[in-house]
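Numbered from 1 within each chain, the chains take letters A, B, ... in sequence-line order.
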There are 2 protein chains.
Amino acid sequence: MSTLDAASTASTDHRGDPVTPAHQRPGDTAATDSVSALLERGRALATPELRAAVDRLAPPMDTVAAYHFGWIDADGRPSAADGGKAVRPALALLSAEAAGAPPERGIPGAVAVELVHNFSLLHDDLMDGDEQRRHRDTVWKVHGPSQAILVGDALFALAGEILLELGTADAGRATRRLTRATRRLIDGQAQDISYEHRDQVTVEECLEMEGNKTGALLACAASIGAVLGGADDRTADALESYGSHLGLAFQAVDDLLGIWGDPEATGKQAWSDLRQRKKSLPVAAALGSDGEAATRLAGLLATDAKKSQAEFEDFDEAEFAERAALIEQAGGREWTAQEAQRQHRTAIEALDSIEIPGRVREQLTALADFVVVRQR
Amino acid sequence: MSTLDAASTASTDHRGDPVTPAHQRPGDTAATDSVSALLERGRALATPELRAAVDRLAPPMDTVAAYHFGWIDADGRPSAADGGKAVRPALALLSAEAAGAPPERGIPGAVAVELVHNFSLLHDDLMDGDEQRRHRDTVWKVHGPSQAILVGDALFALAGEILLELGTADAGRATRRLTRATRRLIDGQAQDISYEHRDQVTVEECLEMEGNKTGALLACAASIGAVLGGADDRTADALESYGSHLGLAFQAVDDLLGIWGDPEATGKQAWSDLRQRKKSLPVAAALGSDGEAATRLAGLLATDAKKSQAEFEDFDEAEFAERAALIEQAGGREWTAQEAQRQHRTAIEALDSIEIPGRVREQLTALADFVVVRQR
């Protein structure tokens, strides 16, 4: 795979922040401010339309969805909970600008992508048995499994509705890309689940799964605004390529945070991916390396795979810490940090093949930088 | 509601078969043969494309879906299990012909509607805890809840993919109608679930729920072929109206079979809707009537609503038989059979406003007749 071949030239300087791009250092506040403004703009423009879309749902699904998005608490009182980083809406608006259209043209795309993203969160949390998301109880935990299934289904259907009621040929093209991305997202979740029951997964399998589960929808977010803005397929494909590699960089960082992230920042339990026996990139890379740490890790994971989930959850912290240390000793942490850098660079390079306004190129670059330095 | 206002002129002759249209009697083999041929043509033309669509799914979802459709058994061996009545594909092909196009033009519509229908079956069986469908264990029972959720999601996404890759404006229109129908279907399931926890539901609420849950997708099946065949919106809307009333007739018969159906024929447990405390039409109509039977029924159902599902399932047959008898004494069975007739007639009348080939009109009428006389 070309992204793996690029490894030899990657920067290995990634202490401190998860991954630090060569042209941005912690403390580069101008770049951080610019990204905050982009994310905030995405939220400000997309949220009213997203709320209007959710208001179309029949009771009690509208309430359950509003809880999921953090607009109300479990008792139905208005709240302003953390609604997530909102990278996708920011990308969809930038994507419209990349095609020379006003950012507003990307709004239905931003809303549709957010609806699909949240459909997948609702279903994945239920399938994975995750009880917490963004520091709050998940929907299936508060409102029951049926509501998690139903409201997920409804958000998915709403996504197509929002786009297709634009009634234009570009909206048809955008919906087709979104549908294809959604199918890949579902494939990725299927692969992720099947990997949990295996004691060995290769780096290539892991990258394929993450490309489906995370890359495809970010790729769609990065191109949907352009498609709605009338861009040709070549431009949309280049933006998709940017988004796809951005997604893989995003996921590599997520995999680092899933093992070594600060629970206060991530809102997840310590060692959360290890607790779920996820075969994430650091694990796959560690297992694929030579040496004593890799051998010991493989032995432990082979035994872990035979345990029931209940036995496994009885582990004390030291047992997860031991696995995390072995992954690091076997090079899995370092390799994953480098992989994030490689994907980050490939994402930026994908923009070289198309003509887009200089300011938009800078903002897409800043967003890619943010994705790899984030702590949550 | 206009369909209810039409009640006074409806035929009350419905002994023997669930509901017998005035122009068709049991033993009218010509009509039966014609419908069998229509259903068989729908299956023959749609199934290869449906199988090709399902083959696109990543493992193990392709296998799980093949099990759901009855193409393989739980051990993966080829089988030819009952795949359902296939009313929707037959309608989609007829719909293309109604617009003057060849039936083949409706195939992607038939496949997309079948995919959405089966997405809803997979999720509904899980939400409702139904262990059997078409005489076989349901997917969640054989392959687990996660696969039922995932494969349902995948079938839904595939539906949009199949239509949109046609790449035409008509395909965009068809997808928009399908998406709207899917949202109504989900609304209907949400209403159905919420009604189970209530001890009283009006006939109007029940009809609204059934219009969403069953009417919307049959309406889409009856118009999608025409849309793909280039019909204008007026023609498509009239066909939707036919399909919507056909769906309500279909559901009224389903509600009769759900209480008084022969388990051998339906593949469901005896009194299956009563076991699930469904507030179906016979129940709603009985509760809405005057007299001692209605009062006694209301008292029993109010007590039932307070029981846990486990306590409720401990009921012996006599307790369900008592409820069924009270529903019948209170007129719920008779009213529902008449309602099926009313909806059947309104469906046929909806075709009067448009120009369609005479042979197609006869076949749409025969299909409507079949829907109300079926025993399963």
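- Interatomic distance, B:S95 OG to B:L239 CG, rounded to the nearest 0.5 Å: 5.5 Å.
- The choice from A:L185, A:I186, A:T168, A:D124 that makes the most heavy-atom pairs within less than 4.5 Å of chain B is A:I186.
- When side chains are defined from C-beta on, A:D254 counts as touching A:Q251, because their heavy atoms get closer than 4.5 Å.
- In terms of heavy-atom proximity, A:S223 sits nearest to A:A236 at CB-O, 3.4 Å.
- Taking both residues in full, the closest heavy atoms of B:K279 and B:C206 are given as O-SG, 3.4 Å, listed atom of the first, atom of the second, then distance.
- Atom CG in A:L50 sits 6.5 Å away from atom CD in A:E114 (nearest 0.5 Å).
- Across all non-hydrogen atoms, the minimal contact from B:A174 to B:V227 is N-CG1, 3.7 Å.
- The candidate from B:R173, B:R183, B:M127 with the greatest count of non-hydrogen atom pairs under 4.5 Å with chain A is B:R183.
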Test log, rule side chain to side chain contact (heavy atoms under 4.5 Å, CB included), inputs B:R277 and B:Y195: CA-CA 9 Å; B:R277 292 182 264 199; B:Y195 294 175; over 6 Å; no
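- Chain B is approached within less than 4.5 Å, heavy atom to heavy atom, by A:D187, A:Q189, A:A190, A:I193 from residues 187-194 of chain A, ordered by number.
- A donor-acceptor contact shorter than 3.5 Å links the side chain of B:W140 to the backbone of B:D130.
- The stretch residues 142-166 of chain A places A:S146, A:I149, A:L150, A:D153, A:A154, A:F156, A:A157, A:L158, A:G160, A:E161, A:L164, A:E165 near chain B, each with some heavy atom under 4.5 Å from a heavy atom of that chain.
- A donor-acceptor distance shorter than 3.5 angstrom exists from the side chain of A:T182 to the backbone of A:L178, with no hydrogens or angles considered.
- Taking the six-membered ring where tryptophan is involved, the planes of B:W71 and B:F69 are essentially parallel, since the angle between them stays under 30° and well short of 60°.
- At a threshold of 4.5 Å between non-hydrogen side-chain atoms, the residues B:Q132 and B:T138 do not count as touching.
- Annotation: residues 210-220 of chain B contacts chain A through no residue [non-hydrogen atoms, separation under 4.5 Å].
- Taking the side chain as every heavy atom from C-beta outward, B:E205 and B:E208 never approach each other to under 4.5 Å.
- Pairing each heavy atom of A:G243 with each of A:A222, the nearest pair is CA-CB, 3.8 Å.
- When atom types are taken as modelled, the side chain of B:T175 and the backbone of B:A171 share a donor-acceptor pair closer than 3.5 angstrom.
- Between B:L115 atom CG and B:E49 atom CD the span is 11.0 Å, to the nearest 0.5 Å.
- Under a 4.0 Å N-O distance rule, the pair A:R177/A:D233 qualifies as a salt bridge.
- Within residues 54-64 of chain A, the residues that have a heavy atom under 4.5 Å from a heavy atom of chain B are A:R56, A:L57, A:A58, A:M61, listed by number.
- For the salt bridge (Lys or Arg N to Asp or Glu O under 4.0 Å) criterion with B:K278, the lone passing option out of B:D273, B:D255, B:D128 is B:D128.
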